[in-house]
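Proteins get letters first, then strands, A, B, ... in listed order; numbering begins at 1 in each.
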Protein chains: 2
Amino acid sequence: MATEPADTPRRTSLSKEIVLREAVALADEAGTGAPSMRRLAERLGVEAMSLYHHFRNKDMILDGMIDLVFGEIELPSDVDWRTAMRRRAVSMRGTLIRHPWAISLMDSRTNPGHATLRHHNAVIGCLRSGGFSIAGAAHAFSVLDSYIYGYTLQELSLPFKSSVDLEDVAGSILNQMPRDEFPHLTEMILDRALKPGYAYTEEFDIGLDLVLDGLQRQRESWL
Amino acid sequence: MATEPADTPRRTSLSKEIVLREAVALADEAGTGAPSMRRLAERLGVEAMSLYHHFRNKDMILDGMIDLVFGEIELPSDVDWRTAMRRRAVSMRGTLIRHPWAISLMDSRTNPGHATLRHHNAVIGCLRSGGFSIAGAAHAFSVLDSYIYGYTLQELSLPFKSSVDLEDVAGSILNQMPRDEFPHLTEMILDRALKPGYAYTEEFDIGLDLVLDGLQRQRESWL
DNA sequence: GGTTGTACCTTACGGCGTAAGGATAGCGGC
DNA sequence: GCCGCTATCCTTACGCCGTAAGGTACAACC
């Protein structure tokens, strides 16, 4: 009944978004690695080669997926810089954990999308408003992102999800390991990993606060 | 003339080491990603399937390659903990940069090899001798490795090597970007990346010292 | 001299990204 | 109503990939 307006040029960009959204969903389900063109096409009810009408090659799809993920990260809110950076860090870790394939893909991607640029811009803006010099904001951005990426990278590479699995894995590593050759490692595994209540979130927060403390202390000395 | 001693059992383990050494060399030359079984075999003057006599599957080769890389990282020397951790961090970054394929492979690898375990053990031992409690050593290890991995990950994903390339790339991003939409980002690129003398090593050191300062300050409060 | 084990090879399968080109359907203009 | 254009999708094919299954050559040992 209601006639669609003549938005034929829209159809392409709409299709692009659908493809990317499904690609992200597919990658999330698979858990790791990028989906293949064939599987992605199948999910869309289409042949693999049809995707090449909307994207020059697979890399363009991966770029788009990464940008979609970046769009999920909470932009720094309008509070003091430390609270804003803390919230952003927590949101970023959450997003990267929700999309475990993303962090491995970021290595190879170098063309930042619109959401990525907006995100970076907002972070720098927040730091500048918080009293950081340009150089200081660059240092803060670098050390924060390094910590967040690195922590999440390691967290994702752990071969377990719950702390029940943790005990199993830690135990089996322990059993395979020549304990007397690595006494300090043995001690740490026994003392920490096998004790109940070891939480990744807590460990993340400890390092994050250490970094934020350092930034607060250096802020005015970075001119 | 000189008859070889009957060390047939050695041949297997020797062959394993040769395969791994060549695999690392091949990956270094290719720059990114793991070498394929076929290419690796070709380099060794052998067919692809022959490799499966020494390794159960490709993952075992990747595990071995990672452990070889870990073996290159300088163990913490016998000085004060801060100097030792600083040296280890610099060495670790250097190693990961020399083998750019390694950091992306570590995501998926979960079976630490002997060199990896020795390395971890030595780091923990150094921290414990430096007065860190078990929990404190765990926190320190976590935040340090997170920073080093994350920084290197980002450094490797940059699409250039020299600062000449940097100017080109930064300039082209700048030109493609709607400058007025991202004023802070624009300002930072103009002020920093396009100024000569921007050095990654310097940036790495700034964050590293910030983390080390934080550790020094917290050391005794972590019981 | 027959047995056993190690090292390597051959062949084949299903999956991958994508180059090249063909089919179809909806559109504006005549 | 018909024509040609363009956007969209499909078919086929190529050269890669990891590896399952099974074969061959040869040295070491009984």
Side-chain angles (χ1 to χ4, degrees), chain A residues 2-23 26-27 29-66 101 104-105 107-111, chain B residues 2-24 26-27 29-66 101 104-105 107-109 111:
Chain A
T3 50
E4 296 239 345
D7 56 352
T8 6
R10 278 280 199 79
R11 200 115 47 97
T12 295
S13 81
L14 186 71
S15 203
K16 241 180 170 120
E17 283 160 27
I18 290 177
V19 171
L20 291 178
R21 201 166 48 233
E22 291 302 317
L26 195 57
E29 287 164 22
T32 181
S36 81
M37 298 298 272
R38 285 169 166 86
R39 278 195 209 288
L40 175 55
E42 188 186 19
R43 188 190 181 98
L44 292 159
V46 135
E47 296 300 315
M49 290 309 290
S50 305
L51 298 172
Y52 285 84
H53 229 270
H54 305 279
F55 299 89
R56 189 149 32 84
N57 53 35
K58 188 174 185 178
D59 274 356
M60 297 295 107
I61 296 186
L62 300 183
D63 281 342
M65 291 170 70
I66 292 295
W101 45 271
S104 359
L105 249 61
D107 306 8
S108 34
R109 244 90 296 293
T110 81
N111 295 320
Chain B
T3 50
E4 298 239 345
D7 55 354
T8 8
R10 278 280 198 79
R11 200 121 42 102
T12 293
S13 81
L14 185 70
S15 201
K16 243 180 168 118
E17 282 160 27
I18 291 177
V19 171
L20 291 178
R21 201 166 49 233
E22 290 303 315
V24 167
L26 195 56
E29 287 164 22
T32 181
S36 81
M37 298 298 273
R38 285 171 166 86
R39 280 195 208 288
L40 175 55
E42 188 186 18
R43 187 188 181 100
L44 292 159
V46 133
E47 294 301 315
M49 290 308 292
S50 305
L51 298 172
Y52 286 85
H53 232 271
H54 305 279
F55 299 89
R56 187 149 33 84
N57 53 33
K58 188 173 186 178
D59 274 357
M60 297 295 108
I61 296 187
L62 299 184
D63 281 343
M65 291 170 70
I66 292 295
W101 46 270
S104 359
L105 249 60
D107 306 8
S108 33
R109 245 89 298 291
N111 296 321

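- Between A/Leu51 and A/Lys58 there is no side-chain heavy-atom pair separated by less than 4.5 Å.
- When the options A/Leu20, A/Leu26, A/Val19 are evaluated for a side chain to side chain contact (heavy atoms under 4.5 Å, CB included) with A/Met65, the one that passes is A/Leu20.
- Rounded to a whole Å, the NZ atom of A/Lys58 is 12 Å from the C1' atom of C/dG15.
- Look at B/Arg39 and you'll find a side-chain N or O under 4.0 angstrom from OP1 or OP2 of D/dC17.
- In this structure, the OH atom of A/Tyr52 is 11 Å from the P atom of C/dC16, given to the nearest Å.
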Nucleotide N/O to protein N/O under 3.5 Å, stretch nucleotides 9-11 of chain D:
from	atom 1	to	atom 2	distance (Å)
D/dC9	OP2	A/His54	NE2	2.9
D/dC10	OP2	A/Glu47	N	2.5
D/dC10	OP2	A/Ser50	OG	2.6

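- Taking 4.5 Å as the limit, every side-chain heavy atom of A/His54 sits out of range of all side-chain heavy atoms of A/Ile61.
- Between A/Leu51 atom CG and D/dA7 atom C1' there is a gap of 15 Å when expressed in whole angstrom units.
- Look at CG on B/Asn57: it is 15 Å from C1' on D/dC17, rounded to the nearest Å.
- Counting distance only, with no hydrogens placed and no angle test, the side-chain atoms of A/Arg38 and the base atoms of C/dG15 include no donor-acceptor pair under 3.5 Å.
- Remark: P of D/dC17 and CG of B/Asp59 are 17 Å apart, rounded to the nearest angstrom.
- Residues that satisfy the side-chain hydrogen bond (donor to acceptor under 3.5 Å, both in side chains) test with A/Arg43, not counting sequence neighbours, are A/Glu22, A/Glu29.
- A/Leu40 places its CG atom 11 Å from the P atom of C/dC16, with the value rounded to the nearest Å.
- Atom OH of residue B/Tyr52 and atom CE of residue B/Met60 lie 11.5 Å apart, to the nearest 0.5 angstrom.
- In this structure, the CE atom of B/Met37 is 17 Å from the C1' atom of C/dA12, given to the nearest Å.
- Taking the salt bridge (Lys or Arg N to Asp or Glu O under 4.0 Å) definition, one finds that A/Arg21 meets it with nothing, sequence neighbours left out.
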